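Positions are given from 1, in the same order as the sequence printed here. All values below come from the heavy atoms of this structure, side chains included, with hydrogens, waters and symmetry mates left out. Here the structure is a predicted model, which means the values were calculated and not measured.
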Amino acid sequence: MNEEDPRILELRAIREKARQGGGEMRVERQHAKGKLTARERLSFLLDPGTFHELEPFITNPGGETGPNTEDYLGEGVITGYGQIDGRTVYIYAQDFTVHGGTLSMMQSRKICRVMDLAVRNGSPIIGLIDSGGARIQEGVKSLGGYAEIFRRNARYSGVVPQISVMLGPCAGGAAYSPAITDLIIMVRNHSYMFITGPQVIEAVTGEKVDHEALGGTQVHMTISGTAHMAADTEVGALDLCRQALRYMPANNVEDPPYREPQDDPLRMDPTLNRLVPLDPSIPYSMHAVVERVVDQGTFLEIQPEWARNAVVGLARIGGHSIGIVAQEPDQLAGVLDIDASDKISRFVRMCDCFNIPLVTFVDSPGFLPGVHQEHGGIIRHGAKVLYAFAEATVPKITVITRKAYGGAYVVMSSKYLGTDVTYAWPSAEIAVMGAEGAVNILYGKEIAAAEDPQGLWAALVADYRQKFNNPYYAAKNGYVDDIIEPWETRPKIIASLAALRDKYTDHPPRKHGNIPV
């Protein structure tokens with residue numbers, strides 16, 4: 001064949017038509033909203049020149065009636081594979097210029113095929129979501145298409161990483177697919193997720209609400225906890241997706257990717273020795289602790305705006321990927337509540353799925369007391385944290401920086417839940433409760449009858465703290481492995497992870513456990 005062969009010219013014309021999506025006018029409308037097209041998004045996400053499209057000529061088989069039933073090549077979704085940092089990923093990008101990105105039976109088939117290929121080849125799945133939901137003209141067939149996608153999301157969970165980048169609306173049952181994936185990334189003022197839209201809510205309940213207030217990025221980043229990361233622009237969201245994948249393996253049988261560290265593994269930051277105040281009631285920043293221990297500039301926080309009394313995220317230490325779990329004493333004194341429990345447990349399970357070691361920093365006075373928390377199921381939600389840490393088989397290292405009281409001590413990757421190495425700082429307090437509460441219970445009658453109740457109470461508190469609420473008492477009884485200076489934390493963790501790299505665990509045979517949900 002030569003360049004003028006009519007068959008080659010026809011192929012080029014068809015490909016060019018497919019690249020135009022729903023046509024120039026619709027592309028212009030997409031740009032007018034400040035949004036990129038599906039193909040533009042792929043060019044920002046993937047390494048240049050690595051994308052290979054699959055099934056670009058698929059169209060709707062026809063038979064539907066109603067408006068907007070014209071055929072478009074690709075059926076409103078671009079599928080294929082490419083590379084991010086030289087590693088293969090499989091991807092689908094919904095094209096809002098074609099039927100508003102709505103899901104048809106054929107679009108579902110394309111998405112399911114690329115998901116199946118990803119798992120067969122042990123590569124991550126990325127979904128770029130920009131869709132008005134199910135294609136109404138197709139009726140139950142589009143709903144069946146969603147069910148096929150959901151089934152694969154669930155079946156492939158924990159097998160390969162699944163990331164959803166929300167670049168437009170996600171309404172109705174379509175919201176369930178992103179909710180099953182490992183990470184959801186949203187774009188402020190462009191992304192929306194809700195089961196029932198504003199018009200239906202107003203018709204049924206009388207409540208008036210707009211898209212942003214109902215299911216915008218701010219809602220899902222701060223109130224519902226559905227989203228994990230957010231950016232101000234689409235390009236920023238796509239970059240967050242690239243960043244997250246740098247910490248994750250391609251599948252559940254690989255180790256996370258190693259990167260040559262630019263930070264000295266033996267670095268010891270003197271600031272850590274001064275970070276925890278002498279007064280246990282004064283807060284400090286756990287973020288500052290984490291940033292000073294991990295490789296500089298590598299901490300990628302997950303869900304930073306939701307349940308801020310808990311901190312979770314991915315980082316590197318000595319070049320190796322780790323998952324960070326911690327309490328934030330600056331927020332609610334670092335107590336564990338319902339939302340913090342959910343945040344921690346899901347993150348721990350994700351890390352365990354993909355062989356990412358866990359490093360836990362503990363400073364919590366316990367679970368948040370109150371009728372609302374009890375009636376909301378704090379027992380059930382707190383049990384999720386307990387279950388997640390106990391079930392996790394990856395290397396686990398815990399550092400107790402200050403308070404580790406009661407149930408919060410136990411569930412936060414304590415030594416007897418199977419944590420491999422537990423360190424304590426000299427400021428650590430490991431006990432059933434704080435000294436003040438313990439003295440009130442143990443010596444309440446004596447204090448009330450004393451000539452100087454306040455003086456006796458203060459003396460008893462000091463004595464109790466000296467005898468029991470210090471790391472040496474816990475160390476004597478085997479609850480911590482070593483008491484270290486704070487600035488030793490980084491080299492200690494790196495050495496421990498090196499020693500645990502070939503960790504093996506054996507479990508009794510079972511189908512799966514029954515986590516309290």
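Side-chain contact check for Asn355 and Glu254: no donor-acceptor pair (N or O, by modelled atom type) lies under 3.5 Å. If you check the side chains of Ser224 and Trp306, you find no donor sitting under 3.5 Å from an acceptor. Counting only N and O atoms by type, the side chains of Thr401 and Tyr284 include a donor and acceptor under 3.5 Å apart.
Met350 has its side chain within reach of Leu183: a pair of non-hydrogen atoms, C-beta onward, lies under 4.5 Å apart. The shortest side-chain heavy-atom distance between Asp295 and Arg490 falls under the 4.5 Å cut-off.
Applying the 6.0 Å contact sphere to CG of Asn514 captures no more than 12 heavy atoms from other residues, nucleotides or ligands. More than 12 heavy-atom neighbours from other residues, nucleotides or ligands sit within 6.0 angstrom of CG on Asp210. Environment of OH in Tyr479: sparse, with no more than 12 heavy atoms of neighbouring residues, nucleotides or ligands closer than 6.0 Å. Under a cut-off of 6.0 angstrom, the local environment of CD1 in Ile379 is sparse, with at most 12 non-hydrogen atoms contributed by other residues, nucleotides or ligands. Atom CZ of Arg380 has more than 12 heavy atoms from other residues, nucleotides or ligands within 6.0 Å.
Residues forming a salt bridge (charged side-chain N to carboxylate O under 4.0 Å, His left out) with Glu429 (at least two apart in sequence, or on another chain): none. Residues passing the side-chain hydrogen bond (donor to acceptor under 3.5 Å, both in side chains) test with Thr217: none are found, sequence neighbours excluded. With sequence neighbours excluded, the residues satisfying side chain to side chain contact (heavy atoms under 4.5 Å, CB included) with His287 are Ser285, Phe299, Glu301, Val311, Glu328. When the side chain to side chain contact (heavy atoms under 4.5 Å, CB included) test is applied to Gln243, the partners found at least two apart in sequence or on another chain are Asp239, Leu240, Arg246, Leu300. Scanning for side-chain hydrogen bond (donor to acceptor under 3.5 Å, both in side chains) contacts around Asn121 gives Tyr90, with sequence neighbours left out. Among residues two or more places apart in sequence or in another chain, the side chain to side chain contact (heavy atoms under 4.5 Å, CB included) test is passed with Asn189 by Glu212. For Ile84, the side chain to side chain contact (heavy atoms under 4.5 Å, CB included) partners are Leu45, Leu46, Val89, Ile126, Arg242, Leu245, not counting sequence neighbours. Not a single ring-ring contact (aromatic ring centres under 6.0 Å, His included) links Phe44 to another residue, sequence neighbours left out. Shown here are the salt bridge (charged side-chain N to carboxylate O under 4.0 Å, His left out) partners of Arg152, two or more places apart in sequence or in another chain: Asp116, Glu148.
No salt bridge links Asp363 with Lys403; every basic N to acidic carboxylate O contact stays at or beyond 4.0 Å. At a threshold of 4.0 Å, the pair Arg113-Glu55 counts as salt-bridged, since one of the basic side-chain nitrogens sits closer than that to a carboxylate oxygen. One finds no salt bridge joining Glu391 and Lys396 here, because no Lys/Arg side-chain nitrogen approaches an Asp/Glu carboxylate oxygen to under 4.0 Å. Salt bridge Glu234/Arg41: present, at least one basic N to carboxylate O contact under 4.0 Å. Under 4.0 Å is where a charged nitrogen must lie from a carboxylate oxygen, and between Lys492 and Asp482 at least one such pair does. Ion pair Arg259/Asp85 flagged as a salt bridge, since at least one NZ, NE, NH1 or NH2 atom sits closer than 4.0 Å to an Asp/Glu carboxylate oxygen. Classification of Arg308 and Asp330 as a salt-bridged pair fails, no side-chain N sitting under 4.0 Å from a carboxylate O.
The minimum heavy-atom distance between Leu358 and Cys351, with the atom names listed, is CD2-CB, 3.7 Å. Nearest heavy atom pair, residue Pro169 against residue Lys35, reads CD-NZ, 4.3 Å. Closest of all the heavy-atom pairs between Ser164 and Pro178 is OG-CA, 3.4 Å.
Within the model, atoms OG1 of Thr222 and CD of Glu305 stand 6.5 Å from one another, a figure rounded to the nearest 0.5 Å. In this structure, CD1 in Ile400 is found 10.0 Å from CD1 in Ile483, a value given to the nearest 0.5 Å. Rounded to the nearest 0.5 angstrom, Leu368 CG and Asp337 CG are separated by 5.5 Å. To the nearest 0.5 Å, the span separating OH on Tyr81 from OG1 on Thr88 amounts to 8.5 Å. Rounding to the nearest 0.5 angstrom, the gap separating the CD atom in Glu291 from the CD1 atom in Ile324 is 9.5 Å. The structure places OG of Ser177 at 6.0 Å from CE of Met115, a figure rounded to the nearest 0.5 Å.
Counting only distance, with no hydrogens or angles, the side chain of Lys384 and the backbone of Ser341 share no donor-acceptor pair below 3.5 Å. In this structure, the side chain of Ser108 engages the main chain of Gly145 through a donor-acceptor pair within 3.5 Å. Judged by distance alone, the side chain of Glu207 and the main-chain N or O of Ile201 form no donor-acceptor pair under 3.5 Å. In this structure, Gln331 contributes its side chain and Ala310 its backbone to no donor-acceptor pair below 3.5 Å. Within the 3.5 Å criterion, the main-chain N or O of Pro329 finds no donor-acceptor partner in the side chain of Arg402. Proximity of a side-chain donor or acceptor of Ser364 to a complementary backbone N or O of Gln327 within less than 3.5 Å is not detected. A side-chain donor-acceptor contact under 3.5 Å links Asp352 to the backbone of Val394. Between the side chain of Asp95 and the backbone N or O of Gly76 there is no donor-acceptor pair closer than 3.5 Å.
Listed by first then second residue, pairs satisfying ring-ring contact (aromatic ring centres under 6.0 Å, His included) with a partner in residues 175-231 read Tyr192-His211, Phe194-His211, not counting sequence neighbours. Listed by first and then second residue, the ring-ring contact (aromatic ring centres under 6.0 Å, His included) pairs involving residues 385-404 amount to none (not counting sequence neighbours).
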Show me the donor-acceptor pairs, under 3.5 Å and distance only, between side chains in residues 407-417 and residues at least two apart or in other chains.
residue	atom	partner	partner atom	Å
Ser413	OG	Thr398	OG1	3.3
Ser413	OG	Thr419	OG1	2.6
Ser414	OG	Val410	O	2.7
Lys415	NZ	Gly478	O	2.9
Lys415	NZ	Asp481	OD1	3.0
Tyr416	OH	Gly478	O	2.9

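Each of Ile397, Ile484, Val421 was scored for a side chain to side chain contact (heavy atoms under 4.5 Å, CB included) with Ile493, with one residue passing: Ile397.
Cation-pi check for Lys110 over Tyr92 is not met; the charged atom does not lie both under 6.0 angstrom from the ring centroid and within 45 degrees of its normal.
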